[in-house]
Enquirer: 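Below are the C-alpha cells for one structure; questions will follow.
Here is the naming used below: chain letters follow the sequence lines, and residue numbers restart at 1 for every chain.
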Protein chains: 2
Amino acid sequence: MTPATGEPSRGRRTARPSGDDRELAILATAERLLAEQPLSAISVDDLARGAGISRPTFYFYFASKDAVLLTLLDRVVAEADAAGLDPSLLPAAGPRAGWRHVITTYYESFRARRALIRAWAEARATNTEIRELWARVFADWTQRCAVAIDAERARGTAPPGPPALELAILLTSMNERALYATFSGDGPAVEETGIVEALLEVWLRAIYGASPVD
Amino acid sequence: MTPATGEPSRGRRTARPSGDDRELAILATAERLLAEQPLSAISVDDLARGAGISRPTFYFYFASKDAVLLTLLDRVVAEADAAGLDPSLLPAAGPRAGWRHVITTYYESFRARRALIRAWAEARATNTEIRELWARVFADWTQRCAVAIDAERARGTAPPGPPALELAILLTSMNERALYATFSGDGPAVEETGIVEALLEVWLRAIYGASPVD
DNA sequence: CCCGTTTCTCAACACCCTGTTGACTCGTTC
DNA sequence: GAACGAGTCAACAGGGTGTTGAGAAACGGG
C-alpha cells in the first residue's frame with residue numbers, strides 16, 4: 001500500500017543488502033525516538049545520526065521525515081489487516097461479548113502503538129498522504145461495523161435507527177478521540193482502566209437501545 | 001484568560017493607540033489568512049506584512065505565531081462563555097428538544113469558526129498552552145453536561161448507567177471529532193445536513209436508552 | 001521649548017532546519 | 001579493467017525563527 005513518497009529508489013531492493021539495513025535502521029530510529037518525543041521535535045538529522053548516516057544519505061532512502069512515518073504506518077496497517085479483525089463476524093457470543101471483543105481489539109492495537117498513533121495524529125494535521133491513509137483505514141473500519149450493525153438489524157436483534165454507516169462513523173469517531181485523549185493524557189479523559197467498558201456501554205445503547213419517544 | 005504568551009508589553013495599552021491598532025491588524029490578518037490556508041502554511045512574515053509591519057515589529061506585539069492564535073482563541077472562548085450556553089439548564093422542553101438545542105448550539109459555534117477551530121486542532125498537536133486551553137474548555141463543557149445528565153437521572157427521566165461525567169466525555173469526544181471531520185472534509189464523515197440529528201440520536205440513546213440485557 | 005523617557009520600528013544578525021548538487025568510493029559485471 | 005550503478009557526504013541554497021542594537025517619533029514635565 002501507498003508506495004508513493006518514501007521510495008526514490010524503487011529497484012534498489014534487488015541489489016546488495018546494506019541499503020536495506022540502512023533503511024531499517026532509519027525506521028527503527030524513528031520508532032525509538034517517537035517513543036520519547038513528538039514528531040515535530042525530531043529532525044531529519046536526528047534520524048540520520050540515529051541510523052549512523054549523514055543527512056544527505058538519509059534522503060537517498062526517504063524523501064522526507066513524513067515518508068518515514070508513512071512507511072511505519074503502512075506496516076502497522078498491513079499488520080492490522082493481517083490480524084483480520086472484522087466486526088462483521090461478531091455475533092457468535094451475543095451482542096455484549098461480541099462488541100466487547102471488537103472494541104477491545106481496537107483498544108489493544110491502539111495501546112500497543114501509542115507513540116506511532118500519536119505521531120499519526122500529529123502528522124495528519126499537515127500532511128495529505130498521511131491524512132488519506134487515516135481516511136482509508138477509517139472508512140474500511142466503519143464500513144465493516146456498518147455491515148455488522150445492519151446484520152443485527154436484519155435478524156431482529158437490533159431495532160431500526162439512523163443509517164448504520166452514520167452510526168458506525170459516529171461511534172468510531174468517539175473511540176478514536178476518546179482513546180487518543182486517554183493515551184496522550186491530553187485533557188480530561190476517561191481513565192484507561194474503565195474505558196473499554198464505558199465505550200462499550202455507549203455502543204450497545206446506540207445500536208440496541210431504542211430512542212426515547214420524547 | 002491566559003494572559004501569558006502574547007504580551008511582552010503589558011503596560012502599553014495605557015499609552016497612545018496606534019500600537020493597539022497594529023495588534024488588531026495582526027489578529028485580523030491571522031483570521032483572514034486562516035480562512036484560506038492551514039496554520040502551518042502561514043509564516044510570521046505573512047502576518048507581519050499583512051498588518052503592514054516588519055517581522056521584528058511583529059515580535060514587539062506577539063511572542064510567536066502561536067501566541068496570535070492563542071489570543072484569537074481566548075476571544076472565541078470568552079464569547080462562548082458570554083453567550084452562556086449551559087446544558088445544565090436544559091429540561092424545559094423535554095429531552096429531545098432540550099438536547100437538540102444543546103447540540104445545535106455546539107454545532108453552530110463550531111461552524112461559525114471553522115477556520116479557527118481547524119487551526120486550534122492543528123496547533124494543539126505541538127503547543128502546550130493551546131492544548132491546555134482546549135482541555136480547559138472541554139472540561140468545562142463536559143462538566144456541565146454531566147450535571148444535566150445527573151439531573152435527568154435524579155428526576156427519574158433517565159435510567160442509571162455509566163458515571164455521568166464519563167458519558168459526557170465520550171459523547172463530547174464524539175461530537176468534537178465528528179464535527180471536525182465533517183467541516184474539514186477529512187475522511188469519510190456524516191454529511192453536514194444530517195449531522196445534528198445523527199449526533200442527537202446517539203446522545204439520546206446513550207443517556208436515556210437502557211443497555212440490552214445481553 | 002528642550003530633554004529625558006517610553007513607545008515603537010526595523011536592518012542586520014545568528015541559528016536551525018530542509019532539501020539539492022556534484023564529486024567521490026567501491027563492489028559488480030561483462 | 002572499463003563501465004556501471006549503488007551508496008555516500010561536504011558544501012551549498014533557501015526559507016523559517018527569534019534577537020540585537022540603533023534609531024525615530026510621540027509625549028510629559030520642568
Enquirer: Between Asp45(A) (CG) and dC16(C) (P), how many Å, whole number?
Expert: 11 Å
Enquirer: Below 3.5 Å is the cut-off: list the nitrogen or oxygen pairs between protein and nucleotides 19-21 of chain C, distance only.
Expert:
| from | atom 1 | to | atom 2 | distance (Å) |
| --- | --- | --- | --- | --- |
| dG19(C) | OP2 | Tyr59(A) | OH | 2.9 |
| dG19(C) | N7 | Arg55(A) | NH1 | 2.6 |
| dG19(C) | O6 | Arg55(A) | NH2 | 2.4 |

Enquirer: Starting at atom CG of Leu47(B), determine the distance to atom C1' of dG18(D), rounded to an integer number of angstrom.
Expert: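 Result: 14 Å.
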Enquirer: Listed by chain and number, what are the side chain to side chain contact (heavy atoms under 4.5 Å, CB included) partners of Ala121(A), not counting sequence neighbours?
Expert: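 For Ala121(A) the side chain to side chain contact (heavy atoms under 4.5 Å, CB included) partners, ignoring immediate neighbours, are Arg124(A), Tyr180(A).
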Enquirer: By side chain to side chain contact (heavy atoms under 4.5 Å, CB included), which residues pair with Thr128(A), not counting sequence neighbours?
Expert: Arg131(A), Glu132(A)
Enquirer: Report the distance from atom CG of Asp66(B) to atom C1' of dG16(D), rounded to the nearest whole Å.
Expert: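 Interatomic distance, CG of Asp66(B) to C1' of dG16(D): 14 Å.
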Enquirer: Provide the closest heavy-atom pair for Ile149(A) versus Ala164(A) in the form atom of the first, atom of the second, distance.
Expert: CG2-CB, 3.9 Å
Enquirer: Looking at dG7(D), dC9(D), dC10(C), which one has an atom nearest to any side-chain atom of Tyr61(A)?
Expert: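 Nearest listed nucleotide: dG7(D).
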Enquirer: Considering just the side-chain nitrogens and oxygens of Thr57(B), establish if one lies under 4.0 Å of OP1 or OP2 belonging to dC10(C).
Expert: yes
Enquirer: For the residue pair Trp134(A) / Glu176(A), report whether a side-chain donor-acceptor contact shorter than 3.5 Å exists.
Expert: yes
Enquirer: Who are the side chain to side chain contact (heavy atoms under 4.5 Å, CB included) partners of Pro162(A), not counting sequence neighbours?
Expert: Arg153(A), Leu167(A), Glu201(B), Arg205(B)
Enquirer: What's the CD1-P distance between Ile53(A) and dA10(D), to the nearest Å?
Expert: 12 Å
Enquirer: Name all residues meeting the side chain to side chain contact (heavy atoms under 4.5 Å, CB included) criterion together with Asp45(A); count only those two or more places apart in sequence or in a different chain, and write none if there are none.
Expert: Ser43(A), Arg49(A), Arg55(A)
Enquirer: Expressed in angstrom and rounded to an integer, what is the separation of Phe58(A) atom CZ from dC17(C) atom P?
Expert: 14 Å
Enquirer: Rounding to an integer number of Å, can you tell me how far Phe60(A) CZ sits from dA10(D) C1'?
Expert: 18 Å
Enquirer: What's the CZ-P distance between Arg49(B) and dC10(C), to the nearest Å?
Expert: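 Value for this atom pair: 10 Å.
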Enquirer: Sorted by first residue and then second, give each side chain to side chain donor-acceptor pair (under 3.5 Å) pair with at least one member in residues 25-37 of chain A; sequence neighbours left out.
Expert: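 Side chain to side chain donor-acceptor pair (under 3.5 Å) check on residues 25-37 of chain A returns Glu31(A)-Arg113(A).
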Enquirer: Could you say whether Ile42(A) or Gly52(B) is positioned toward the 5' end of DNA chain C, judged by the nucleotide with the nearest heavy atom to each?
Expert: Gly52(B)
Enquirer: Could you tell me whether Ser43(A) contacts a base, only the sugar-phosphate backbone, or nothing, with contacts defined as non-hydrogen atoms closer than 4.0 Å?
Expert: sugar-phosphate
